[in-house]
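Notes to accompany the following structure.
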Amino acid sequence: MVKLISLELRRVPLLGHLVGIAVANLLIALVSIIASALLSGNASTSAAVGLPATPPDTLTLATMLVRATLIVWEAVLASQVVIEEYRAGTLALLFASPVPRGRILAAKVILVCGITLALYALSYWFQSACVAVAGNYLPYVSGHNVDPVRDTTAIVSAIAVGLAPLLVGALSRSVIATVVSSFALVAVASNAQGAGASLLSVPFAALFIGMAGTVCTAAAVHRIVSADSAK
């Protein structure tokens, strides 16, 4: 399995993805700071129009945007690694090898999850550092106490959600449909309900969403293996 994952890693154009995520993190930090400034100056107005009277802190906004960004990015990566090869027929060539098909797809999925997990860790660290530095100069920039259980649950569930579009890709054989479906998932997973900022910030909701994403991923793998076997 390790050898399969390392072989797949060599085929992924990581540099372009890393540059894109770095730029996205800079924009997220800037947007979160600006949003905190606007929300802190309009708390009474926000309450009047039905928004939370106590707006989420800067770090919560940043992590919410990081999750939304990486869910879509993960769907893009998964569509390149799995769906594009499935659509083009190159995956069938890999299936012709002595390695079981399930192991090949499992290696691809594990690779996507591993890269995404590393990017979540780096992004969370970067956003925390930005908030810590900006908070020394800007009074409206604030963070929160880290909750390891909540944050870990949110990250793992978000990774599972990011893989769910594979089912759409497996059914449609379309990279575009795979990526577009990830935006719909972001709208659901990032649905703001008060100062918690998103459903993924609620452990029980995050676990349910994560399990749904895992089921969709398993169904996608089964669909791809079964479809190719039927040829």
Side-chain angles (χ1 to χ4, degrees), residues 1-14 17 20-21 67-120 153-191 198-200 205-231:
M1 181 63 74
V2 175
K3 185 177 181 180
L4 282 174
I5 295 173
S6 62
L7 289 174
E8 287 294 333
L9 181 59
R10 296 174 189 173
R11 301 169 60 191
V12 178
L14 271 182
H17 287 292
I21 293 298
R67 286 196 295 263
T69 300
L70 287 180
I71 285 174
V72 175
W73 175 86
E74 185 182 5
V76 171
L77 180 62
S79 66
Q80 291 180 343
V81 173
V82 179
I83 302 304
E84 176 59 30
E85 293 188 1
Y86 179 48
R87 184 192 64 80
T90 54
L91 193 58
L93 297 178
L94 293 177
F95 284 168
S97 68
V99 181
R101 300 173 180 184
R103 286 176 62 87
I104 293 175
L105 287 175
K108 291 177 177 291
V109 171
I110 292 173
L111 175 63
V112 172
C113 290
I115 294 174
T116 307
L117 179 61
L119 290 177
Y120 268 109
T153 302
I155 291 174
V156 172
S157 298
I159 292 174
V161 169
L163 286 173
L166 281 176
L167 180 57
V168 176
L171 294 173
S172 64
R173 290 178 178 263
S174 170
V175 171
I176 295 177
T178 304
V179 176
V180 169
S181 65
S182 69
F183 285 95
L185 291 175
V186 166
V188 174
S190 299
N191 181 29
S198 74
L199 291 176
L200 287 175
L207 285 173
F208 177 79
I209 295 172
M211 287 189 293
T214 302
V215 170
C216 289
T217 304
V221 170
H222 177 74
R223 168 77 180 187
I224 293 173
V225 172
S226 299
D228 188 80
S229 301
K231 291 183 179 180

(request) For residues A158 and L200, report the shortest heavy-atom separation together with the two atoms involved. (result) CB-CD1, 3.9 Å

(message) Once rounded to the nearest 0.5 Å, what's the spacing between atom CD1 of I115 and atom CG of L9?
(response) 5.5 Å

(message) With side chain to side chain contact (heavy atoms under 4.5 Å, CB included) as the test, pick out the partner of R101 among V221, I224, V225.
(response) V225

(message) Please check this pair: side chain of K108 against backbone of V81, looking for a donor-acceptor N/O pair closer than 3.5 Å.
(response) yes

(request) State, with a plain yes or no, whether a side-chain heavy atom of W73 is found less than 4.5 Å away from one of L119. (result) yes

(request) Report the distance from atom OG1 of T217 to atom CG of L105, rounding to the nearest 0.5 Å. (result) 11.5 Å

(message) Tell me whether E85 is salt-bridged to R11, with the criterion being a basic N under 4.0 Å from an acidic carboxylate O.
(response) yes

(request) Pick out which of V112, I176, V168, V179 makes a side chain to side chain contact (heavy atoms under 4.5 Å, CB included) with S79. (result) V179

(request) Test R173 against I83 for side chain to side chain contact (heavy atoms under 4.5 Å, CB included), laying out the working first. (result) CA-CA 6 Å; R173 290 178 178 263; I83 302 304; 5.8 Å; no

(message) Nearest 0.5 angstrom please: I110 CD1 to I5 CD1, how far?
(response) 4.5 Å

(message) Can you tell me how far apart CG (L167) and CZ (R223) are? Round to the nearest 0.5 Å.
(response) 9.0 Å

(message) Does Q80 form a side chain to side chain contact (heavy atoms under 4.5 Å, CB included) with H17? I'd like the steps, not just the answer.
(response) CA-CA 12 Å; Q80 291 180 343; H17 287 292; 3.0 Å; yes

(message) For E74, run the side chain to side chain contact (heavy atoms under 4.5 Å, CB included) check against L166, V161, L163 and tell me which one passes.
(response) L163

(request) Work out which heavy atom in L4 is nearest to a heavy atom in A107; give both atom names and the distance. (result) CB-CB, 3.7 Å

(request) Measure the OG1-CG distance between T116 and L111 for me, rounded to the nearest 0.5 Å. (result) 8.5 Å

(message) For S181, run the side chain to side chain contact (heavy atoms under 4.5 Å, CB included) check against P165, S174, S172, C216 and tell me which one passes.
(response) P165

(message) Nearest 0.5 angstrom please: L117 CG to L70 CG, how far?
(response) 10.5 Å

(request) Specify the closest pair of heavy atoms between L207 and S157, including all atoms of both residues, with the distance to one decimal. (result) N-OG, 3.8 Å

(request) Please report the shortest heavy-atom distance between G210 and A160, naming the atom on each side. (result) O-CB, 3.3 Å

(request) Mark yes or no: R67 above the aromatic ring of Y120, with NZ or CZ under 6.0 Å from the six-membered ring centre and no more than 45 degrees from the axis. (result) no

